[in-house]
Colleague: 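What follows is a structure written as C-alpha cells; I'll ask about it next.
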Amino acid sequence: MAHLMLLSSDLLVSLSPETMATQCRRSRTSFTEEQLKILVQAFSQNPYPGYTAKQRLAVEINAEESRIQIWFQNRRARHGFLKRPKKNLDPSKDHASPIEKIQDGTDRRCRTSFTSSQLQTLKNAFTENPYPGIDSREQLAEEIGVPESRVQIWFQNRRARLRVQRKRGLEEALYQRQNQGQDL
C-alpha cells in the first residue's frame, strides 16, 4: 500500500491512504437550532422529501441541497425507517389530487448526463483514487463543469459497480472450478 511522505516543520511524516482519506473529508455540517427546528418540522410532515422540497428547504435555511439530503438520510436511519411508504398502484383507489400526481413525477432531480471527455476525466481520477476527498471532488467538479454532489454520487456508483463486477468474477471463477472438477 502506498504511503505519502510529507516534510512538515523539519519532521518527516508518513500518511497511509486511510489517514489521508480522513484528513480530506468535508467538515461536519452544523445546523443552528432554528435550522434544525425547520428540518425536524419538515421531516415530521414528510420523511422522504423530493428534490424540489429539499431545494426549498435549502434556500429557507441557507444550506446546500446535498447537505439537506444527507440530513434526511441520517434522520431516517436514526429513526428506523425501512423504506418509502408503498404507493397505491390501483388508480381507482387513488385519492390524490391531479396537482399532487403531476408534482409527484417531477419531484426528482434530472438525471446527470456526462460527456465522453467528462467520463474519461472521472475514470482517470477513479483509477488514481476511488475514494477522493472533498478537495479532490471539488477540483474535479470545477474541471468538468458539474456540481460536486454529482461527482460524489458518480464515485459512489462507480465503487458499487466495481464491487458487483468483482463479486460476479469470483462467482464465475468458482463455477468454472466446480465444472472442471466434474469433468475429471
Side-chain angles (χ1 to χ4, degrees), residues 1-31 35-36 39 47-55 57-59 61-79 81-84 107-177:
M1 204 173 269
H3 282 41
L4 177 66
M5 304 299 270
L6 294 176
L7 192 57
S8 172
S9 304
D10 300 327
L11 179 67
L12 191 61
V13 179
S14 174
L15 296 177
S16 67
E18 296 81 17
T19 306
M20 291 185 328
T22 58
Q23 289 182 347
C24 296
R25 285 190 174 159
R26 177 193 308 269
S27 59
R28 182 183 177 102
T29 302
S30 297
F31 293 108
Q35 290 172 320
L36 282 173
L39 289 169
Y48 293 93
Y51 178 61
T52 53
K54 288 183 286 193
Q55 280 185 316
L57 276 169
V59 169
I61 68 170
N62 192 24
E64 293 179 36
E65 181 272 336
S66 62
R67 300 300 95 201
I68 304 294
Q69 178 179 346
I70 298 299
W71 185 89
F72 272 87
Q73 287 175 349
N74 291 340
R75 182 80 176 196
R76 287 191 302 265
R78 261 184 262 126
H79 290 279
F81 280 77
L82 298 175
K83 55 186 168 184
R84 283 181 180 245
D107 208 20
R108 296 186 71 182
R109 180 190 312 272
C110 294
R111 183 181 179 93
T112 303
S113 297
F114 295 101
T115 65
S116 57
S117 63
Q118 288 172 324
L119 279 174
Q120 192 58 47
T121 303
L122 287 167
K123 287 176 184 177
N124 292 342
F126 184 84
T127 303
E128 290 178 29
N129 181 9
Y131 293 91
I134 180 66
D135 296 334
S136 301
R137 291 194 312 265
E138 285 177 344
Q139 184 180 357
L140 263 173
E142 189 175 322
E143 186 179 327
I144 64 174
V146 298
E148 181 274 333
S149 60
R150 299 303 90 204
V151 172
Q152 183 179 18
I153 297 298
W154 186 89
F155 273 86
Q156 288 174 350
N157 291 340
R158 188 67 176 203
R159 289 190 300 264
R161 184 174 3 156
L162 187 63
R163 282 190 294 272
V164 167
Q165 288 172 343
R166 285 181 180 160
K167 183 179 178 183
R168 191 174 296 141
L170 289 173
E171 289 172 350
E172 287 175 4
L174 181 62
Y175 179 76
Q176 287 176 352
R177 281 190 208 144

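What you see is a predicted model, and the numbers here were worked out from it, not measured in a lab.
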Colleague: Only counting residues at least two apart or in another chain, list the ones meeting side-chain contact (heavy atoms from CB on, under 4.5 Å) with Gln35.
Modeller: Phe31, Thr32, Ile61
Colleague: How would you list, by chain and number, every residue that makes a side-chain contact (heavy atoms from CB on, under 4.5 Å) with Arg168, sequence neighbours excluded?
Modeller: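 For Arg168, the residues satisfying side-chain contact (heavy atoms from CB on, under 4.5 Å) (neighbours in sequence not counted) are Val164, Glu172.
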Colleague: Around atom CD of Glu138, are there more than 12 heavy atoms from other residues, nucleotides or ligands closer than 6.0 Å?
Modeller: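 Yes, CD of Glu138 has more than 12 neighbouring heavy atoms, counting only those of other groups under 6.0 Å.
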Colleague: Got a sec, which residues hit side-chain hydrogen bond (donor to acceptor under 3.5 Å, both in side chains) with Glu142, two or more places apart in sequence or on another chain?
Modeller: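 Not a single residue meets the side-chain hydrogen bond (donor to acceptor under 3.5 Å, both in side chains) criterion with Glu142.
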Colleague: Considering residues at least two apart in sequence or located in another chain, which fulfil the side-chain hydrogen bond (donor to acceptor under 3.5 Å, both in side chains) criterion with Ser117?
Modeller: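 Only Thr115 meet the side-chain hydrogen bond (donor to acceptor under 3.5 Å, both in side chains) criterion with Ser117.
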Colleague: List in chain and number order the residues that pass side-chain contact (heavy atoms from CB on, under 4.5 Å) with Arg161, two or more places apart in sequence or in another chain; answer none if no residue qualifies.
Modeller: Arg158, Gln165
Colleague: A side-chain contact here means heavy atoms from C-beta on lying under 4.5 Å apart; do Trp154 and Val146 qualify?
Modeller: no
Colleague: Pairs in or reaching into residues 119-130: which pass side-chain hydrogen bond (donor to acceptor under 3.5 Å, both in side chains), with residues at least two apart or in two chains?
Modeller: Gln120-Asn124
Colleague: Which side-chain N or O atoms in residues 63-72 pair as donor and acceptor under 3.5 Å with protein atoms at least two apart or in another chain?
Modeller:
unit_1: Glu64; atom_1: OE1; unit_2: Ser66; atom_2: OG; d: 3.4
unit_1: Glu65; atom_1: OE1; unit_2: Arg109; atom_2: NH2; d: 2.7
unit_1: Glu65; atom_1: OE2; unit_2: Arg109; atom_2: NH2; d: 3.2

Colleague: In chain order, what residues pass the side-chain hydrogen bond (donor to acceptor under 3.5 Å, both in side chains) check against Glu143, with sequence neighbours excluded?
Modeller: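 Applying side-chain hydrogen bond (donor to acceptor under 3.5 Å, both in side chains) to Glu143 gives none.
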Colleague: Name all pairs fulfilling the salt bridge (charged side-chain N to carboxylate O under 4.0 Å, His left out) condition that reach into residues 145-157, sequence neighbours left out, sorted by first residue then second.
Modeller: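 Matches after skipping sequence neighbours: Arg26-Glu148, Arg137-Glu148.
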Colleague: Taking only residues two or more places apart in sequence, or in another chain, which ones meet Glu171 in a side-chain contact (heavy atoms from CB on, under 4.5 Å)?
Modeller: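 side-chain contact (heavy atoms from CB on, under 4.5 Å) list for Glu171, sorted by chain: Lys167.
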Colleague: Who passes side-chain hydrogen bond (donor to acceptor under 3.5 Å, both in side chains) against Asn62, sequence neighbours left out?
Modeller: none
Colleague: CD1 of Ile144 to CZ of Phe114: how many Å apart, nearest 0.5 Å?
Modeller: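 One finds 5.5 Å between CD1 of Ile144 and CZ of Phe114.
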